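For reference, the structure is listed below as structure tokens.
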Amino acid sequence: KDKIFVFFDFEATRQITPQTDTLDLPTAAERSGDFRQLCTTAGGSFNGSGECVVNGVAGGTGQVWDPYAWAQGPQNQHLSTTYVPYNNLANYASAGNFIGGTGLPGGKGNLINPVSLAILKYIPLPNNGSGIHGNYINSGGNVADKNQYDAKVDYQITPVDSFSGRWSTSWGHSQNANLFGNAFDANTQGPVQNITYQGSANYTHTFNANTILTASAGATHGWAHTQGVTFNGTTIGIPADLATNPVGKIQTAPSIAIDGYAAENSNGNFGGQEYSVLLYGQDVGHFEASVSRAFRNHELKAGGEVRLHRINFTQWGIPNGRWEYQNSATAADANNGSSGGDAMASFLTGFATGWSSYQDPAQPATQNWQYAGFVQDNWRVKPKLTVNLGFRYDLDMPRTERHNRMSYFDPTLPSPIAPQVSGIDPTLCQACNNLRGAFEYVGGTNSKYPYNVYHGAVGPRLGFSYSVK
């Protein structure tokens, strides 16, 4: 009787946060290749040759140029040599070539990229006026569910032995609104799931009125998975080696960024949200114990602890490609912002000039150990004077990686470029005749640690208290 006490609780929350976005989406005319509205929006009109004229200047603001009919400028920039009459890609046949000399497919509309055209089938039509900007408004709800329970037991085993244990589990699910209703809405990361387990145990044994042993152990395991929105890019013409990432066989829509056009949450305008697919697991374990003993005018305490940290992390930043489209691709001069061009027109031609990328992620699996020990004495020298004496030692081991996928810089090794710089005039490069420093990988004949173990973490302690009354 009165030996066991049990506690349990459960908590759950359900939350939906409204979101409304105003976006810039291509109009029905632009989807067919007709960008005449660029000229009229800029306050211009077309002359008899189909060239946009704004404030008396022809071929500048509001004009679309052929990115494949080009020459190299004096600053090595891209110069387009042919404008697209009336900004209508559908009625224009480019005689240009891909970089490398391969000719474009023949016939009118050959500037329109079939992949871009296929992507547009997933993009809603404007629903807010007939302008180019702010022409689409939609609302949705961001969902977040959280759950947690805790259980605790206290047990007085014997008059001198007691035990307590705790276990907690929390888990949840969230997902941002998908305003397009398909894989090309960059607002959503897809389903996000997470779970965390925590457990601890504590034991106390009383040897006698002066000596007590306490010990505790605990562990935490956390796991999070952001799934992205699955999409097979081969269905829109993306090559198979881009459509499926070799790490984890991830398939998401490519990320499309269109400069100057409003997007969702500062993400790409269309396609999979960058850095959204994630697997993250982490573990922490610890054990600690101490003995306290009081005798005469001393209170002695000594103990130690061990901790283990583990992290497994994979984030697919751009698993299936990113393409950024800018005005410069369809401008007369890539270095002149007032020489025409439009990023949405550049997207329809498939001519990306901004940051475009593709990534296979690293998959680090790391761990490190920490050790510590201490001894402490509260010594009551006199009724009014107590001196605190102590000593603590910590040993933090460097982090290691399961497959030795870490490197470090060794300043003592010969530099790999030493043969190329040897013999240079010492007045120009004093270190070149004996250049040192190179990167090395851990493991093999090298240490598994990326840096040396530090053994000097010694912490002495000295303090006192004095009663003036």
Side-chain angles (χ1 to χ4, degrees), residues 17 19 142-146 170-178 180 182-198 220-234 238-257 263-284 308-324 352 354-368 398-408 439 441-443 450:
T17 305
Q19 177 175 334
N142 301 321
V143 178
D145 300 337
K146 297 180 181 180
S170 61
W171 69 98
H173 165 271
S174 63
Q175 185 166 354
N176 283 354
N178 189 328
F180 294 175
N182 58 58
F184 280 86
D185 188 329
N187 182 65
T188 181
Q189 296 177 303
V192 180
Q193 295 178 314
N194 60 81
I195 190 166
T196 300
Y197 302 103
Q198 292 181 321
T220 299
H221 171 71
W223 176 83
H225 185 198
T226 305
Q227 301 176 32
V229 182
T230 300
F231 181 80
N232 186 351
T234 61
I238 297 291
D241 57 348
L242 288 178
T244 302
N245 193 281
V247 178
K249 305 301 181 184
I250 299 298
Q251 292 184 326
T252 63
S255 176
I256 306 298
E264 298 174 280
N265 290 341
S266 301
N267 299 312
N269 296 71
F270 318 137
Q273 186 182 126
E274 298 164 23
Y275 297 91
S276 63
V277 185
L278 171 72
L279 275 173
Y280 181 29
Q282 57 177 328
D283 298 279
V284 178
L308 171 64
H309 303 264
R310 282 180 175 166
I311 293 177
N312 291 267
F313 184 87
T314 306
Q315 184 171 33
W316 287 262
I318 307 172
N320 303 108
R322 177 195 198 269
W323 288 270
E324 181 179 3
W355 177 51
S356 301
S357 181
Y358 170 82
Q359 296 178 359
D360 292 341
Q363 297 177 282
T366 65
Q367 75 171 27
N368 82 295
R399 190 171 293 275
T400 59
E401 206 279 328
R402 182 183 301 162
H403 303 289
N404 291 331
R405 294 173 296 192
M406 290 195 295
S407 63
Y408 60 93
F439 281 97
Y441 288 99
V442 299

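Since the model is a prediction, treat every value here as computed from it, not as a measurement.
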**Message:** I'd like to know if the side chain of Gln193 pairs up with that of Gln227 as donor and acceptor (distance under 3.5 Å, no hydrogens or angles considered).
**Reply:** yes
**Asked** Which word best sums up how the rings of His221 and Tyr197 line up, parallel for under 30°, tilted for 30 to 60°, or perpendicular for over 60°?
**Response** parallel
Is there a side-chain contact between [X] and [Y], using heavy atoms and a 4.5 Å cut-off?
X      : Y      : answer
Trp316 : Asn245 : yes
Gln175 : Asn142 : no
Gln315 : Pro361 : no
Tyr280 : Ile311 : yes
Trp323 : Pro254 : yes
Pro246 : Asp360 : yes
His173 : Lys146 : no
Pro450 : Pro398 : yes

**Prompt:** For atom CZ of Arg310, is the number of surrounding heavy atoms from other residues, nucleotides or ligands below 6.0 Å larger than 12?
**Reply:** no
**Asked** Is any NZ, NE, NH1 or NH2 atom of the basic residue among Glu324 and Arg322 found under 4.0 Å from an Asp or Glu carboxylate oxygen of the other?
**Response** yes
**Prompt:** Is the ring centre of Tyr408 less than 6.0 Å from the ring centre of Tyr441?
**Reply:** no
**Prompt:** CD1 of Ile238 to CG of Asn232: how many Å apart, nearest 0.5 Å?
**Reply:** 10.5 Å
